[in-house]
Participant: 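Sending over a structure as structure tokens; questions will come in a sec.
Lettering follows sequence order; numbering is per chain, from 1.
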Amino acid sequence: MTMHKQVARAAAKPAHSTGPAAIEATGLVKRYGSMRALDAVSMRADRGEAVGIVGPNGAGKTTLFGALAGTFPVNQGSITYHGKVITYESAATRCAMGIARTYQVPRPFIGMTVFENVLVAARAGGGRDKAEAADFAAHVLDETGLMKLANTPAAAAGLLDRKRIEVARAMATSPQVILLDEIGGGLTEAELVELIVLIDTLKAGGMTIIWIEHILHALLKVIDRLICMSEGRILAEGDPHDVMENPAVRRAYLGSDPE
Amino acid sequence: MNRHHVIAGISAPDRRLMAAGGLIALGLFALPLFGSALVVDKLTLLMVYIILAVMWNLLAGYAGLVSVGQQAFIGLGGYFVLRLVESGMPPFLAIGLGGFLVLLAAWPLSWLVLRLKPAEFAVAMWVLAETIRSIVMFDPLVQGETGRSLVSLNAIDPDVRRTTIYLMAVVAVVVSLVLSHALLRGRLGGESQAIRDDEEAASSVGVSTLRVKRWIFLISAVGCAIAGTIWLASAITFQPRSAFGINWSIFMLFMVLVGGLGSYLGPVLGALLFFALQEVFGDFGAWYLAGIGVVAILFALFAPRGIMGLIIGKTGQEPLSMRKLLIMREG
């Protein structure tokens, strides 16, 4: 707890970090049997801030997203959203409040069309009525480059398009905080550029972004702050370049998994 | 902004199909005027099958809730009608009220079963049906295996009785088809399909999964109960072993899988095929059941998406599809 505070104080925080964080986790613990997937993790993201998360496989990054999004309950700790405690809210409620997530391995609704995938998100999570939701879903499809696939089955979409569906579905819920889980993986350099433009647009619109990514150069183009996780803990956080220079980070992350 | 995107309305061919469906319904309403007693009775049974197939498809095909225990509600509907009639209620009123009582019973049960994983849900529903049957058999009125007849129905003129029950069955079919159409075109349709495809992902785009599943579960319970009360009214005798029989689930599974799981019209086609098979081969006793099994295997091997799959393969599109197509509109 005090450790975390020291780290947070040392971190280069953006100027607009007054008031409650957009989303803040304090002392999160998630156990699977005797294994601690999250071992007292505390982190925050301020309004409009873009936070990157790196770390070796099994560091607990995706587990952290599950905890923040309410996919499963945590064993200990608390989560607040704009200062309000949401630790016990369901995933659907958190989504309606404005927290959206994507999945590392895309999980499209395969019995539905691409448009229907996005439409259900716009109606359920976005709370829009039918006519408004259809038009908004179309707008999101346009922004994510999926318009030409709108009426085709999601099952027929390739990996890149499945990743786009993940982002489009999350965007359609009109989130204030978006959790992006390795959406850059498997993309070509040109596709990555497109993706960065898209995420920059979200950021410019005031959205809070937390992005787990292995592709550092893409991440570094967008984020304000970087968190490095290892073995269920936060190893370092702060200015992206400082974190990447941190010897402990280099040992845990770059040492085992050079770019 | 003068260009915007909307969900396409119902297509012209689908409108023609719906008009044809309306004409068929009118014909069915008029049938007792010229049809023989035997035809009316047979068609009542067909209506019961259609309702059951539509309800099972709503559960399994659209919400991913595979149940082998819907006979719980078929039997319970029949039992409630029996009880109400024995307490002095006019039989046709009791038939209407039976479905409502099943709604009240299914609501608490939904809390028990809907949190389970899919395979657990399927088994739990069967256990539930068997449990309810055992409890009903303790009722002195039912006398265990013996069962009981709706004696007050026998007091009504057979022609009036037959026609009334038949008309109730046609109304129930029309209502279940219209209602499920509205439901599937609406918000609940998209949400339930999302749950069917990936429940966790559905909840993370804001779908209240338990609420949606509960709606579908309750609608399907009431639908099965109404089918059960109509069936009881035409069979007159309530026997727990047949009213709560696993046969019902096997029939529903057959009709929906052979007709086309997760399509709007598939279950109706499946019910028609099942009814026809029963009419042609029903006299062969146990062999008829084996024949049903063979047909099911043939479909599983050569037409896994059922009759509807064959139609889509031929024509390239699904008649009365519940797909929501995005189109652009000017102005």
Participant: Of B/Val268, B/Leu265, B/Leu269, B/Leu272, which is the lone residue that meets side chain to side chain contact (heavy atoms under 4.5 Å, CB included) with B/Ile307?
Facilitator: B/Leu269

Participant: Please determine, among B/Thr209, B/Leu326, B/Asp198, the option with the most heavy-atom pairs under 4.5 Å with chain A.
Facilitator: B/Leu326

Participant: Taking A/Ala96, A/Ala172, A/Ala138, A/Pro175 one by one, which has the highest count of heavy-atom pairs under 4.5 Å against chain B?
Facilitator: A/Ala138

Participant: Pick from A/Arg169, A/Arg162, A/Lys163: which one makes a salt bridge (Lys or Arg N to Asp or Glu O under 4.0 Å) with A/Glu166?
Facilitator: A/Arg169

Participant: Less than 4.5 Å to any heavy atom of chain A: does that hold for the side chain of B/Val6, its backbone, both, or neither?
Facilitator: backbone

Participant: Between B/Ser208, B/Ser203, B/Gly262, which shows the greatest number of heavy-atom pairs under 4.5 Å with chain A?
Facilitator: B/Ser203

Participant: Check this for me, if you would: do B/Arg211 and B/Glu191 make a salt bridge, where the nitrogen-to-carboxylate-oxygen distance has to be below 4.0 angstrom?
Facilitator: yes

Participant: Which bit of A/Thr113 is near chain B, if near means a heavy-atom gap under 4.5 Å: side chain, backbone, both or neither?
Facilitator: both

Participant: Using non-hydrogen atoms and a 4.5 Å limit, figure out which bit of A/Met97 sits close to chain B: side chain, backbone, both or neither.
Facilitator: neither

Participant: If you tally heavy-atom pairs under 4.5 Å against chain B, which of A/Pro108, A/Ala137, A/Gly125 wins?
Facilitator: A/Gly125

Participant: Compare all side-chain heavy atoms of A/Trp211 with those of A/Val222 and state whether any distance is below 4.5 angstrom.
Facilitator: yes

Participant: Should we count CZ of B/Arg305 as having more than 12 external heavy atoms under 6.0 Å?
Facilitator: no

Participant: How about B/Phe254 and B/Phe299: are their ring centroids closer than 6.0 Å?
Facilitator: no

Participant: Please state whether the rings of A/Phe72 and A/Tyr32 are parallel, tilted or perpendicular, taking 30° and 60° as the class boundaries.
Facilitator: perpendicular

Participant: Taking B/Gly190, B/Gly186, B/Ala194 one by one, which has the highest count of heavy-atom pairs under 4.5 Å against chain A?
Facilitator: B/Ala194

Participant: Using non-hydrogen atoms and a 4.5 Å limit, figure out which bit of A/Ala150 sits close to chain B: side chain, backbone, both or neither.
Facilitator: side chain

